[in-house]
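Report on the following structure.
Just so you know, these numbers come straight off a predicted model, no measurement behind them. Any value given below was found using the heavy atoms of this structure, including those in side chains, with hydrogens, waters and symmetry copies removed.
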Amino acid sequence: YFILEIPGIIIGMSVSYLLCSFNSVKIYSFKKNIFKNFGTNPKILLHNFGVDLSIYVPKFADKLVVFPILGYYSTGIHQLNMQILFGLEMLPIALQSFLLSQNSNGKKNTKISYLVILSSLIIALIVFFISPFFINELFPQYSEGISSLQIMIFSIVPLSIIATFNAKLQSKESTKVGYSVFVRTGSLLILLGLLGSIFGLNGLAVAVLSSTILHAIFLTILVRIEK
């Protein structure tokens with residue numbers, strides 16, 4: 001950034017992703033049969049891709065709605081809150097990866113799922129109470145976002161439930177689980193536009209929380225249908 005300014009940030013991000021991709025490339029051996037494997041279950045592959053999109057698209061798409069409505073300042077506060085949530089979201093993401101491998105091998109880990117969900121609730125409560133001190137001490141310029149962070153942080157609980165159900169459905173090779181990307185992203189963008197324009201930062205936080213709850217409800221229904 002200090003040398004190239006904005007283009008420098010873009011180049012830095014590109015290089016960091018490129019360096020991390022080398023290990024992934026080594027995992028795949030590009031033999032003749034690899035493309036046959038991709039072609040045997042295209043629906044399953046597409047829906048697995050949809051699951052990944054439902055996790056990562058909301059992390060970027062919200063800016064398209066928030067910035068035109070509330071401008072630079074509120075977008076910056078909202079993004080700080082989102083970054084804190086993304087940091088805590090590593091727990092559900094790790095849970096999903098673990099459960100997917102276990103469920104695929106026929107092993108059930110119900111106790112671990114409940115433990116992670118309970119841990120997520122405890123973490124959310126801890127962040128709820130310490131966030132005013134944390135923000136005021138380290139990021140005083142973002143103090144207006146404390147109440148919205150306290151609302152948004154409870155999204156970690158439905159995100160843990162989502163991770164559990166995603167793993168269960170993917171292990172069963174569900175051909176409907178990928179539709180969750182439309183539920184999560186669609187509800188998020190709509191609610192951001194509606195609630196953000198009326199209630200500001202708190203409205204954005206409620207939109208994020210509500211979209212994760214709707215996502216969890218969708219997967220709950222899907223698990224019951226595909227039993």
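Rounding to the nearest 0.5 Å gives a distance of 9.5 Å between CG of Leu214 and CD1 of Ile162. Remark: Ile156 CD1 to Ile117 CD1 distance equals 11.0 Å, nearest 0.5 Å. Rounding to the nearest 0.5 angstrom, the gap separating the OG1 atom in Thr212 from the CG atom in Leu85 is 8.0 Å. Separation of atoms CD1 (Ile217) and CD1 (Ile161) is listed at 9.5 Å; rounding is to 0.5 Å. Taken from CG in Leu91 to OG in Ser160, the straight-line distance is 5.5 Å, to the nearest 0.5 Å. Rounding to the nearest 0.5 Å places CD of Glu173 at 12.5 Å from NE2 of His47.
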Under 3.5 Å, which donor-acceptor pairs do the side chains of residues 218-226 form with other protein atoms, sequence neighbours left out?
{"residue": "Thr220", "atom": "OG1", "partner": "Ala216", "partner atom": "O", "Å": "2.7"}
{"residue": "Glu226", "atom": "OE1", "partner": "Ser174", "partner atom": "OG", "Å": "3.0"}
{"residue": "Glu226", "atom": "OE2", "partner": "Ser174", "partner atom": "OG", "Å": "3.1"}

Without placing hydrogens or testing angles, list every side-chain donor-acceptor pair under 3.5 Å for residues 198-208, not counting sequence neighbours.
{"residue": "Asn202", "atom": "OD1", "partner": "Ser147", "partner atom": "OG", "Å": "2.9"}
{"residue": "Asn202", "atom": "OD1", "partner": "Ser148", "partner atom": "N", "Å": "3.3"}

Side chains of residues 175-185: which donor-acceptor partners sit under 3.5 Å, not counting sequence neighbours?
{"residue": "Ser180", "atom": "OG", "partner": "Val177", "partner atom": "O", "Å": "2.8"}
{"residue": "Arg184", "atom": "NH1", "partner": "Ser54", "partner atom": "O", "Å": "3.2"}
{"residue": "Thr185", "atom": "OG1", "partner": "Val181", "partner atom": "O", "Å": "3.0"}

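Looking at heavy atoms from C-beta onward, Ile153 lies out of side-chain contact with Ser131 at the 4.5 angstrom threshold. Proximity of Ser113 to Leu99: side-chain heavy atoms (C-beta onward) are separated by under 4.5 Å at one or more points. When side chains are defined from C-beta on, Ile112 counts as touching Leu95, because their heavy atoms get closer than 4.5 Å. When side chains are defined from C-beta on, Leu80 does not count as touching Leu149, because their heavy atoms never get closer than 4.5 Å. Put simply, the side chain of Gln150 reaches to within 4.5 Å of the side chain of Pro132, judged on heavy atoms. Ile77 is not listed as a side-chain neighbour of Leu70, based on a closest heavy-atom distance of 4.5 Å or more. At a threshold of 4.5 Å between non-hydrogen side-chain atoms, the residues Leu125 and Phe154 count as touching.
At a threshold of 4.5 Å between side-chain heavy atoms, the hydrophobic network of Ile, Leu, Val, Met, Phe, Trp and Tyr places Phe129 and Ile135 in one connected group. Cluster annotation: Leu46 is not connected to Leu53 through the hydrophobic network of ILVMFWY side chains, with a link wherever side-chain heavy atoms come within less than 4.5 Å. Linking Ile, Leu, Val, Met, Phe, Trp and Tyr residues whenever their side-chain heavy atoms come within less than 4.5 Å leaves Leu64 and Leu191 in two separate clusters. Phe60 and Leu159 are not part of a single hydrophobic cluster, where members link through side-chain heavy atoms under 4.5 Å apart. Under the 4.5 Å side-chain heavy-atom criterion for ILVMFWY residues, a single connected hydrophobic cluster contains both Ile3 and Ile11.
Hydrophobic clustering, defined by side-chain heavy atoms of Ile, Leu, Val, Met, Phe, Trp and Tyr closer than 4.5 Å, groups Ile190 together with Leu194. Members clustered with Leu118: Ile122, Ile126, Ile130, by chain and number, using a 4.5 Å side-chain heavy-atom cutoff among hydrophobic residues.
Applying the side-chain hydrogen bond (donor to acceptor under 3.5 Å, both in side chains) criterion to Gln141, with sequence neighbours excluded, gives no partner residue. Not counting sequence neighbours, the partners of Ser143 by the side chain to side chain contact (heavy atoms under 4.5 Å, CB included) test are Asn136, Ile146. Contacts of Gln170 classified as side-chain hydrogen bond (donor to acceptor under 3.5 Å, both in side chains), with partners at least two apart in sequence or in another chain: Asn48, Gln96. Not a single side-chain hydrogen bond (donor to acceptor under 3.5 Å, both in side chains) links Lys172 to another residue, sequence neighbours left out. In this view, Leu115 and Ser119 satisfy the side chain to side chain contact (heavy atoms under 4.5 Å, CB included) rule, not counting sequence neighbours. Legend: residues meeting side-chain hydrogen bond (donor to acceptor under 3.5 Å, both in side chains) with Gln79, ordered by chain and number and at least two apart, are Asp62, Lys63.
For residues 66-124, the set of pairs meeting the ring-ring contact (aromatic ring centres under 6.0 Å, His included) definition, not counting sequence neighbours, comprises Phe67-Tyr72.
Judged by distance alone, the side chains of Ser187 and Ser211 never bring a donor and an acceptor atom under 3.5 Å apart.
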Could you walk me through whether Lys168 and Leu100 satisfy the side chain to side chain contact (heavy atoms under 4.5 Å, CB included) test, starting with their C-alpha distance in whole Å, then the side-chain angles of each, then the deciding distance to 0.1 Å, before giving a yes or no? CA-CA 7 Å; Lys168 184 177 292 187; Leu100 181 56; over 6 Å; no
